[in-house]
Each structure stands twice: as structure tokens, then as C-alpha cells.
Amino acid sequence: MSLTSEEVNRIAWLARLAIDSDKTDAYAHDLSGILNFIEQMSAVDTSAVSPMAHPLDQAQRLRPDVVTEPDQRALFQQLAPAVDAGLYLVPKVIE
Amino acid sequence: MHEKTIAELSLGLKNKAFSSQELTQAFLARIQTLDPELNAFITVTEDMALASAKAADALLAKGEAGPLTGIPIAQKDIFCTKGVRSSCGSKMLDNFISPYDATVVERFNHAGAVMLGKLNMDEFAMGSSNETSFYGPVKNPWDTGTVPGGSSGGSAAAVAARLTPGATGTDTGGSIRQPAAFCGITGLKPTYGLVSRWGMIAFASSLDQAGPMARTAEDCAMMLQAMAGFDPKDSTCVDQPVPDYSATLGQPLDGLRIGLPKEFFGEGLDPEIARLIQAAVDEYRKLGATVKDISLPNMHLSGPAYYVVAPAECSSNLARLDGVRYGYRCAEPKDLKDLYMRSRGEGFGAEVKRRILIGTYALSAGYYDAYYLKAQKIRRLISEDFKRAYEEVDVIMGPTSPSAAFRFGEKSADPIAMYLSDIYTIAVNLAGLPGMSIPVGFSGKLPVGMQIIGNYFSEAQLLNLAHRYQQVTDWHRRSPSL
Amino acid sequence: MQWETVIGLEIHAQLATKSKIFSGAATAYGAEPNTQACAIDLGLPGVLPVLNQEAVRMAVKFGLAIGATVTPRSVFARKNYFYPDLPKGYQISQYDLPVVGNGQTTIAVDGEEKVIGITRAHLEEDAGKSLHEDFHGFSGIDLNRAGTPLLEIVSEPDMRSAKEAVGYMKKLHALVRYLEICDGNMQEGSFRCDANVSIRPKGQEKFGTRAEIKNLNSFRFVEKAINFEVERQIEILESGGQVIQETRLYDSVKDETRSMRSKEEANDYRYFPDPDLLPLEITPDFIETVRAGLPELPDAKRDRFKAAYGLNAYDAEVLTATRELAAYFEAVVHAAGSDAKLCANWVMGDLAAALNKAGLEIEQSPVQPDRLAGLVQRIADDTISGKIAKQVFEALWESDETADAIIEKQGLKQITDTGAIEAIIDEIIAANPDQVAGYKSGKDKLFGFFVGQAMKATGGKANPAQLNDLLKKKLQ
């Protein structure tokens, strides 16, 4: 399994990660190596095995429908790179 | 004072041999002297520590102190701490002052422990050497030319160098056990779901688990007592009573059945480490245990399965770091796409990017079944291997890592070589089992750790096993010369 | 070429819980921006979701109401994509194992009944809102809505016209309000839909390529958007082109759909089970408890109204459109004690018109059921005429008094005394000899003149039937 630079760029776009163009090949090389390592799995027949998503076989616990969270906007927005009138600002979203 | 264990310090505080403020000042002074070289701390919270120590002394004076009241500890920087930078070792969160406390942090505060500061780590806990931290690598106190292990490298180095008597760590694929082994300390990764993950910045949610790192099993028991237990804020945290971990320390080991998986002693293991593990197992024989060779036939698939599951989950967990509500934002984004691409491209280091990319690829259309689903099936096979093993043995022992601490730069250019240093620890996370690493000797001047893996929720048994060994050996008492 | 339209709807109903689906923040509409967005809703590092029990109960309620299967073990999955109103970079939703599967509902369009299949309904979290007003070249993000529970209800592609689509949407709108799981407020976005529209040559089995029209938040827009889209697709195909599968937005000002350029990049949502949440197990006990608490559903209520009150299909349909209207109607009938048809006429007629004019909902009606019933009783027992009743109704609307008090105070009681009416007729006949002569010579139309004169003389209070009979007798 080996990835091309185009594939690396496609994945990087899906993941919204800017990658320097001069490093794409290096990423392609590293990722291909990791994929080859992962590839060992395909040697095993798992057709009769059920997937395991969680270590413990438990069911979801449910929360009562109660409002517990006070308004902490001022505290939270201290962390934000750009806010105005209580809104988080981002470059214009065009639809 | 800094050579004492948590248990000894707790006694000293109760007996008024020293105050928490004196103790805290002593450790802060030690950090000031030694940490510039070791780089174990990202943030030292001196003022908060002294204030907590003062409050602890008041409780001690009133006779209202618990076992951890006034004991200095340090938190891995993966835990959110209110009012304190919680960076997770990343440029992305370098400016993130958490508005809330992680449950683990809250519980230590509640127990009266004094937080000295926040510990260095691999960026977002992705690494086995601490070389991926935005704040620079931590040095191994036993040999400053070698790595402390990772990702809880700052925690392990700080405990080994006696900068703190105890530290928290997190373990997704070996991140408590491997650095504990590299730095000659005791570390425990509990059963998945024993300790709340609320406020612990997620790497791979179905694998991450927090645990104690200290010099002795006795200290780990005291710390785990504070950390463990149900938390309604974490859906994956189990609701069951927590046993008294200290109460069962020192129980006899007669009839204990130890399993040695042949897959842990094959190719790739440093023969010196193999010898030390066998010697430690012999000590257990002397303590009354029987030893049996066993097999975990799917062990070799744990690495491949892990490097699908962990990156897949991390690719999604780290999507929230987008430069909108907190964290790093690139300068002058020209549009929304640019904001995302550059904030994330500039905010994350190379290893984090590699894992996000692999995880994104493994989940993408057309590859899900071959990678993610397949890995979850392998996970089942590995878990069943352990289940079968525990029908014939009580615990499993083996090396924590195939080698002792390696040198800086030795593996950082080759991701796969780096991944292989967790080859014995990863399966435990995939199955969700508890595992410990305890010091069992030295390879040259570098410490070596032995891994003890138990069945689900057998932490009390593991701690007792480790404690019994530490009663008859003194590897855990050795300290590096600094 | 004859074209057939194929429509499937994805309806998003905001569940009427107090707190969010995975956090304890409030869900109330209209708060100051970001004041109802807690650490979990903002996706701060280290936060974790815990599922709201009430959201689950509501989803099960809906499942039972459409005769669907409730999945014993359903799974939450992450839908991964980047958008500023999606704080975590993924939406927690359900993918291959939704909580509700395989139900149906029956709609009536132009008197024809039709069964519409409901493929599934799943729980998910709503996103925040992007405000595009200019903040110095930036958009503003309000995350108050982020994490509000949604039930996404996905239909089979069973609808064949915009009218059917609207019928289906109205049907579900009534249903979720009956169940009290959604307030149905479409202006606030509590109930909205995406429409998948395609066309195919009549008789062809294979579906055409569909376009998905996003975020339609009124019945009128659903109808207009679908009709526009169908015309657009016909034009493309008839001029030899091909419809492309894409997401389109309906512009209600221009009345057209257009391609959403911001979503031009192919989406790859990378669904996988959310590792922060465990499988949702719903026990038979839980289902039975929910079932026991189900209200009477619209179809059953409609059938009962026909049988119990002798209403025709149309009246029964209108009166059961909402749970509140049906309850109001039944309260009037019970208080009036009889004549359900007359009660229906007043509820659907004058009352509905007055409410509509005042912009009020039935539950806000200033005329309470018992007061309207008082009016109906006086019409039924001939105390007042239908015409006078309208006058009484206006007074009921304006005051808190009963119909009887109004009739008494304003002296509106109908004159039914034969002698009194005869006396008035006699006076009119005496005063209008020419007209009497004309009528007798065959000008039948003049009969109306005498009725008018009599009504004028009695202030409209003469019993009309009685007046007619007596006039005919006297003019013979």
C-alpha cells in the first residue's frame, strides 16, 4: 500500500491540515510505511468476528432532563481569538 | 525530605515532622534547581501550590486531614486545570487557560493534595519519547542523553528526579507504563472506565485511561484511591464501588498463578531485559507463585490494530481544534478555508499531523471496512486471547518495553521503529485491561521495567503484587544522581 | 414525455426537552448569543457527552406512534465535517443503527388516502447558527442551538407531488405536536425539512438523479421549492441535459432553488461509532411505559369524531388537526350537551375566523369552550336566531359574560310569541296596501319585502321560520 502525493493532499484537505508542498512527499512516504505496518491485519480472516467498539460491554447511561449549566459566556469568550457582540467571529461564511 | 515516599510524607505531616508548606517549598526549590535541565514541567504553579499548602496545614492542625492532605503532586498537562494553562504539549493549546477542572484534578484538590504544576508530555499524548512536545523534550534523569519515554515522560522524569513524590499520567497505548519503565518508577494504567476521563484532553477515547505514577506501589494505591470512582459526567465511567487499595497491600501470594506469554519474549527483546524479567519472576516464585507459559496468539496484530483505532479516534477528537472558539489561530486568515488549514497546519506538530492523516484515511469512504472495522474485529480477537489466558492464570507478566530508554533522535525519524517501543503495552489498552510497570533492575545505568497485566478491575491485586515485590527488593528505592 | 415526480423528505423535529441532548445547558429559544452554550456545547478540550433520557423517551414515543420498530440496541456515530457552527468538527448522530426503524403514516390528498413509508428516525444534535450580517467582513457564530436534540425522520421516496409532500409534512407536524415531543414552531426552526426530489419518465421503475433541497421551514416553501425544482429538472432533461446530484438551497424571495457552492467539495463524513457514548439499550419495560403514556393519536381521534359526533370526514379532519383544537371542540360539545354539528360549525366558522384575524391560537381564545357552548345552546333552543347569534358572539369575544347574560342585557331574545308576531304583520299589511295588492297579483318576490319590514320592526328578533309561516298565512 503506498499513497501518492495527490492522495495525501486529498486527505489533508478532508482533515483541514495545511501541509507544506515540499513536505508532501515525506508525508506520503511515512504514511505509506504506516499503512504497510497496518496491512498485517488483512492476513487474518475475521469474517466470523464481531467488531469491538468498547472495552467494556455496557449500555449508555441516561441523564435526567435538567438544566444544570449557568451562562458562562464571559469566561468562555476570554479564550476566543475573536468575538463581537457575544458572537464568535470567523471569516465570512459564504453559502 | 524529597527521598521520602508519599506514604512516608503523609505520616510525617500527621506527626508534624514538617508542614505542607515546608514540603511544598522544598519541592518547588528542587524544581527550580533541576528542572531547567530536565524540562519535566511546562508550568509551575508556585503561588497556587503555596496557598493550597497553607490550607492543607490548617486542616492538618485541626486533625481533619486525609491521607493525601498536604502532599505535593503534579498533573500531566493533558488534564484541564481551572485558571491554569492546559496545553496538552501543543502549540495549539499554548494559550488555553482552562475554565474548568478535570475530575481527576478536582478529586486531588478535594483530597487536599497540593498541585506543584503541569507536566510535559508528547503533543496530545502522541509519542513514546517526549520528543513531540511543543515545549521541547524531557530528559531522562538516569541519563540526560536518553529519552524519558512517552507520552507521560514529564510525569515519569519528575517522579524519578524527586521533583514531585507523585504524578498523574495517562495511557492510551503504554503512555504510563513505558515511561515508568524508562525512568525506574512505578506506574499503573487502570481498567478502562475506572477513572473518569472528564477534563482529560482526549487522544483516543476508547483507549485513554488516567492512572498514578509514583515511586512505590503503596503510593500508587494511595493516589488511585483518590482518582478512581464513578463520575456521572463520563458515560464510559463505570458505576461500581471502589475497593480500599491500601487495605489489601501485603497479602500473601501463595498459589498465585503467573502466565508468561511466549509472544512477549520473542524476537526484538533485548536479552538483558529478558534476563531481568526472569529474575523478577523468580522472586515471585520465592513469594509462593507458580509460573506457566501461555500464548496470546494475536498479540502481533495489536500494533496494526492500534495504529488504526487510535489515529481514527484522534482524527475526530482533534477536529474541534479549529481556531474558532479557543486555541491557536493563524495570523490574518484570508477566508474560512485558510483559517482552518493554517490554524491546524501551524498549530499541530508533525507526529500529530501524521496520525490525523492516517486516521482520516482509515475512516474515509471505501476504506472504513478494510481498516477501521477490521481493526475493531482484531480488537475482539486480542481481547478474547486475554480472556482465555485468564481462565488458567491470575496475572500475566512480561517486559514493559523491548529495550531500555533510547537516545534522543534514535527513533524519531522512523515512525514504525518508535511505534514498536509500545509493542508489549498496546494490547492491554485494546482489551481495556489494567497494567502496571515496576522497576526490576538496570541495564547498564538505565532502569528496566516489568509489566504486570491483570484481569478487569483487579487493580487491588496488581498493587498488592507490586507491593510484595517491592518489600523484598529495592530497585524502586534507587535514585538517579543529579 | 410524461414525467413522474419522486419525493422523499427528511424532517428535522427539535425535541421539546428542557436541556440539550448531551449537556445540561438550556434549550430555550431566543436567548442572547452564546449564553446557552456550555463547555460541552462549545466542544472545549476534555468535555464528554451524556445522553438526555427525555430525548430518548420522545424518540420512542414517536416510534410507537408510527407503528415502527424501536431498536433494542442503537448506536451513536460521529458525522465528521468542518463548519463554524459545528463546534466539535463532528455531529453526534446515528448512522447504521437508528433508534426508530420502519414505520408508516397515512395521508389524505384530494380525498384519496395514501400510505407513506417512514424508513427511520434517529436522534442527533442540532448545530449552531452562522449569522452573515457583516461584522467587518466576518460572520458571527451563535452556538446556543448547538446540542439541541433533533429527531430526524426519513421517509421513503413515496410521494409523487408537492401536494403529497406537504400533506405528509402536515401530518407529521400534527403528530409531533399531539405527542408533545416538538413545539412545531416552524418560524423558529423547530420543525424543518430537506426534500429529495427527482423525476423519471412515467412508467419507468428506476429513480432519476435527485437533488436535495435544504432547510425548508414552511409548508408553502416546501410546495413552491418542489414545484420549482421539478420544472427545473424537466427543462434540463427535455433539453437533453443531465440532472446532477447536489445540495440546493431554496430562495423564497426569488422563488427558485440554487446550488450551494460552499458544499461543492465532495463530502466524506467518515461516520464511525462515537467512542464517548455506549450503545443505547431500550428495554421492553421502557417501551411499555412509554406506550401506556401515549395520547389518542390524530387518526384514531378523527375516526372517533366521525362515529361519536356524526361529523363528516372534512369536519373531523379539520377539528383533529391539532390536539388543542380537538380538545376545545370536545369541551364545547360536552358543555353544550348536544348538537355536535352546530358546535363544529361555530368552532370552525366564526371562532376560527376571529382567532385568525386576531392572530391567536385556539388555546388563547378569549371565548372559552363553556361560553361558546352557552351560545350554541341558545341557538339550538331557538332563543336567538343564527343572525343574532353572530352579534352575541362578538360580545362574547369582547367581554367575560355568558351568552345568556348578553342576550338578556341587550334584549336579543327571539320573538316566538305568535300573537306578537301576528300583531306586527297586521300593522305592516295595513301600512302597505300597494305591496299587498302587488303580491296578491302574483309578484312573489315581494314576499321578501314583508320579511324585511317585519325584521326591521322587531330588530331582527322575530323567529324567521315562524315569521315566514305567519306571513304566508296572512297574505293569502
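Keep in mind the model is a prediction, meaning the values are calculated, not measured. Numbered from 1 within each chain, the chains take letters A, B, ... in sequence-line order. The figures that follow rest on heavy atoms only: side chains count, while hydrogens, waters and symmetry mates do not.
Between C:Pro87 and B:Arg325, the shortest heavy-atom contact is O-NH2, 2.7 Å. Shown here for C:Val50 and B:Asp234, the closest heavy-atom pair between the two residues is CG2-N, 4.3 Å. Annotation for C:Leu44 and B:Arg320: closest pair O-NH1, 3.1 Å, computed over non-hydrogen atoms. For B:Arg197 against C:Pro275, the heavy-atom pair with the smallest separation is NH2-O, 4.2 Å. The shortest heavy-atom contact between B:Tyr100 and C:Gly46 is OH-C, 3.2 Å. Shown here for B:Tyr326 and C:Gly43, the closest heavy-atom pair between the two residues is OH-O, 2.5 Å.
Ranked by non-hydrogen atom pairs under 4.5 Å with chain C, the options B:Phe96, B:Phe79, B:Tyr340 are led by B:Tyr340. Between chain C and the options B:Val324, B:Leu339, B:Asn317, the largest number of non-hydrogen pairs under 4.5 Å is found for B:Asn317. Taking B:Cys80, B:Ser206, B:Gly199 one by one and counting their heavy-atom pairs under 4.5 Å with chain C, the maximum is reached by B:Gly199. With respect to chain B, the highest number of heavy-atom pairs below 4.5 Å among C:Leu277, C:Val47, C:Leu86 belongs to C:Val47.
In terms of modelled atom types and a separation under 3.5 Å, the side chain of C:Asp268 and the main chain of B:Ser364 share no donor-acceptor contact. A donor-acceptor pair under 3.5 Å links the side-chain atoms of B:Ser235 to the main chain of C:Pro49, judged by distance alone.
Residue B:Leu318: no heavy atom, backbone or side chain, is found under 4.5 Å from chain C. Of the two parts of C:Asn80, only the side chain, counted from C-beta on, holds a non-hydrogen atom closer than 4.5 Å to a non-hydrogen atom of chain B. Looking at C:Phe82, both its backbone and its side chain come within 4.5 Å of chain B, counting heavy atoms on both sides. Proximity to chain C (any heavy atom under 4.5 Å) is shown, for B:Ala365, by both the backbone and the side chain. No part of B:Ala362 comes within reach of chain C, as not one of its non-hydrogen atoms sits under 4.5 angstrom from that chain. In this structure, chain B has a heavy atom under 4.5 Å from the side chain of C:Leu143, while its backbone stays farther away. Contacts of B:Pro232 with chain C are made by backbone atoms alone, with heavy-atom separations under 4.5 Å and no side-chain atom involved. Interface residue B:Thr360: backbone and side-chain heavy atoms are both found under 4.5 Å from chain C.
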Review point. So C:Asp276 and B:Glu313, side chain to side chain contact (heavy atoms under 4.5 Å, CB included) or not? Walk me through it.
Key: CA-CA 10 Å; C:Asp276 287 332; B:Glu313 292 184 9; over 6 Å; no
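Few gaps surround NZ on B:Lys91; more than 12 heavy atoms of other groups in view lie less than 6.0 Å from it. Crowding of C:Arg210 atom CZ: a count of heavy atoms from other residues, nucleotides or ligands under 6.0 Å not exceeding 12. Within a 6.0 Å sphere centred on CZ of C:Phe286, heavy atoms belonging to other residues, nucleotides or ligands number more than 12.
Note that CG of B:Leu363 and OH of C:Tyr271 are 13.0 Å apart. Values are rounded to the nearest 0.5 Å. Put simply, CG on B:Leu373 and CZ on C:Phe272 are 13.0 Å apart, with the number rounded to the nearest 0.5 Å.
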